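Here's the structure, in structure tokens; my notes come after.
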Amino acid sequence: MIARLLTAFIGIPAILLLLFLGTKFPFIIDIVLSLASAMCVAEVIHTGGMLKKYYISIPSILFGLSIPYVIMSGFLAEVIFVYFILMFACMIFFHQKVNFSNACISFCFTLIISFGLSSLIPLFMNDRKLTVYYFVVGLASTWLADSGALFAGMLFGKHKLCPTISPKKTVEGAIGGVICCTLFMLITGLIFDKAVFPNCEISANVNYINLSIVSFVCAGVSIIGDLTFSLIKRNYNAKDYGNIFPGHGGFLDRLDGVIFTFPTLYILSEYLPLVK
């Protein structure tokens, strides 16, 4: 618990600083997404015991690092095709060290993680002034659901949600997390509406109805993301994907739900705009 609190004590100010800088220089958010994508890819490959198989780990990490910029460049299909060919060429020419399972697992998880974390880029491109707003909604709808589920589970939890995957998660906690996320996201929207947008000279207003619907759905989806990557850890008998954040694990341990939430936010915002 002390390690978790210490990490939060350092991490929260760092995130606030990032958000402040992001309002002035939106490209910083792109860099953060790029680095986070590369780190998460490296962690899942390491968990699968393939990090030292450099023929597949290096191309995968580089793909994760570059994908946010590739999306903006318009050469997405070409880069995916090159990565696809490269992975299976490695499997053929280095088949004594790299097998079909290694290539497929690395390829699939690299795509899932990279596109999950980079899926907000098209929203950023539509209006760079709203970069931080979408970034915060995506992160907060995941982390608020997680925190709400933790406290609701401690207070009301009786029925296990998926005991073999995540023994501490409960049905009551999941419901409480979704409700907590929806309520606090409305407060977050109010902060942007009254404090952030006016100070950044952004002529937009938060659509609270759409924000509440999107937050509700994203919170539920983030739980699926969390359980999905927890199941992968169980398959590899790993407690955490990394140890860069004491008490919290690695980047992927913190962003597993986000990988599912960002694409959901992107898709829903196409039909339910978060600003008007």
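For clarity, every value in this text was computed on a predicted model and none was experimentally measured. Values reported hereafter were calculated over all heavy atoms of this structure, with side chains retained and with hydrogens, waters and symmetry mates removed.
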TODO: Please round to the nearest 0.5 Å and tell me the distance separating atom OG1 of Thr47 and atom CG of Asp253.
DONE: 8.0 Å

Open item on the list: Under the criterion side chain to side chain contact (heavy atoms under 4.5 Å, CB included), I'd like the reasoning laid out for Asp226 against Ile223: C-alpha separation, chi angles, the key distance, then a yes or no.
Closed with: CA-CA 5 Å; Asp226 188 354; Ile223 297 173; 5.5 Å; no

Task: Where Leu186 and Leu211 come nearest, the two heavy atoms and their spacing - done: CA-CD2, 4.4 Å

Task: Close side-chain approach of Asn99 to Met91, heavy-atom, < 4.5 Å - done: no

TODO: Indicate yes or no: at least one non-hydrogen side-chain atom of Tyr241 is less than 4.5 angstrom from one of Ile232.
DONE: yes

Open item on the list: Side chains of Asp240 and Lys233, heavy atoms from C-beta outward: is any pair under 4.5 Å?
Closed with: yes

TODO: Enter the distance from Ser106:OG to Met87:CE here, rounded to the nearest 0.5 Å.
DONE: 4.5 Å

Task: Within 6.0 Å of CD1 in Ile209, more than 12 heavy atoms from elsewhere - done: no

- [ ] Supply the atom-to-atom distance His46 NE2 to Met39 CE, rounded to the nearest 0.5 angstrom.
- [x] 11.0 Å

Task: Over all atoms of both residues, closest heavy-atom pair of Thr170 and Gly157 - done: OG1-CA, 3.6 Å

Open item on the list: Counting only heavy atoms not in Phe88 (residues, nucleotides, ligands), do more than 12 fall under 6.0 Å from its CZ?
Closed with: yes

Task: Distance, nearest 0.5 Å, that separates CG of Asp146 from CZ of Phe151 - done: 10.0 Å

Task: Phe84 ring center near Phe107 ring center (under 6.0 Å) - done: yes

Task: Rounded distance [0.5 Å steps], CG in Leu231 versus CD1 in Ile165 - done: 4.5 Å

Open item on the list: Taking Met72 as the starting point, is it possible to reach Leu130 by hopping between hydrophobic residues whose side chains are less than 4.5 Å apart?
Closed with: yes

Task: Non-hydrogen side-chain atoms of Val275 and Tyr133 separated by less than 4.5 Å - done: yes

- [ ] Decide yes or no for Phe135 and Phe262: does some side-chain heavy atom of the first lie under 4.5 Å from some side-chain heavy atom of the second?
- [x] yes

TODO: Could you tell me which non-hydrogen atom of Ala42 sits nearest to which non-hydrogen atom of Leu51, and how far apart they are?
DONE: O-CD1, 4.0 Å

- [ ] Could you tell me whether the side chains of Asp193 and Tyr208 share a donor-acceptor contact shorter than 3.5 Å?
- [x] yes

- [ ] With sequence neighbours excluded, give me every side-chain hydrogen bond (donor to acceptor under 3.5 Å, both in side chains) pair touching residues 56-71.
- [x] Ser60-Tyr83

- [ ] Enter the distance from Lys169:NZ to Lys160:NZ here, rounded to the nearest 0.5 Å.
- [x] 11.0 Å

Open item on the list: For the residue pair Thr261 / Thr142, report whether a side-chain donor-acceptor contact shorter than 3.5 Å exists.
Closed with: yes

TODO: Identify which one of Val206, Ile213, Val214 satisfies the side chain to side chain contact (heavy atoms under 4.5 Å, CB included) criterion when paired with Leu274.
DONE: Val214

Task: Side chain proximity check, Phe63 to Val79, heavy atoms < 4.5 angstrom - done: yes

TODO: For the residue pair Leu123 and Glu270, establish whether any side-chain heavy-atom pair is separated by less than 4.5 Å.
DONE: yes

Open item on the list: A side-chain contact here means heavy atoms from C-beta on lying under 4.5 Å apart; do Val221 and Val217 qualify?
Closed with: yes

- [ ] Considering non-hydrogen atoms only, spot the tightest contact between Gly176 and Ala152 and give its length.
- [x] CA-CB, 3.8 Å

Open item on the list: Please tell me whether Phe27 and Leu65 are part of a single hydrophobic cluster in this structure, the criterion being side-chain heavy atoms less than 4.5 Å apart.
Closed with: yes

Open item on the list: Please give me the minimum heavy-atom distance between Ser166 and Arg234, naming the atom from each residue.
Closed with: CA-NH2, 4.4 Å

- [ ] Before giving the answer on side chain to side chain contact (heavy atoms under 4.5 Å, CB included), spell out for Val44 and Phe251 the whole-Å C-alpha distance, their side-chain angles and the decisive distance to 0.1 Å.
- [x] CA-CA 10 Å; Val44 77; Phe251 274 88; over 6 Å; no

- [ ] Using a strict 4.0 Å threshold on nitrogen-to-oxygen distance, state whether Asp30 and Arg128 make a salt bridge.
- [x] yes

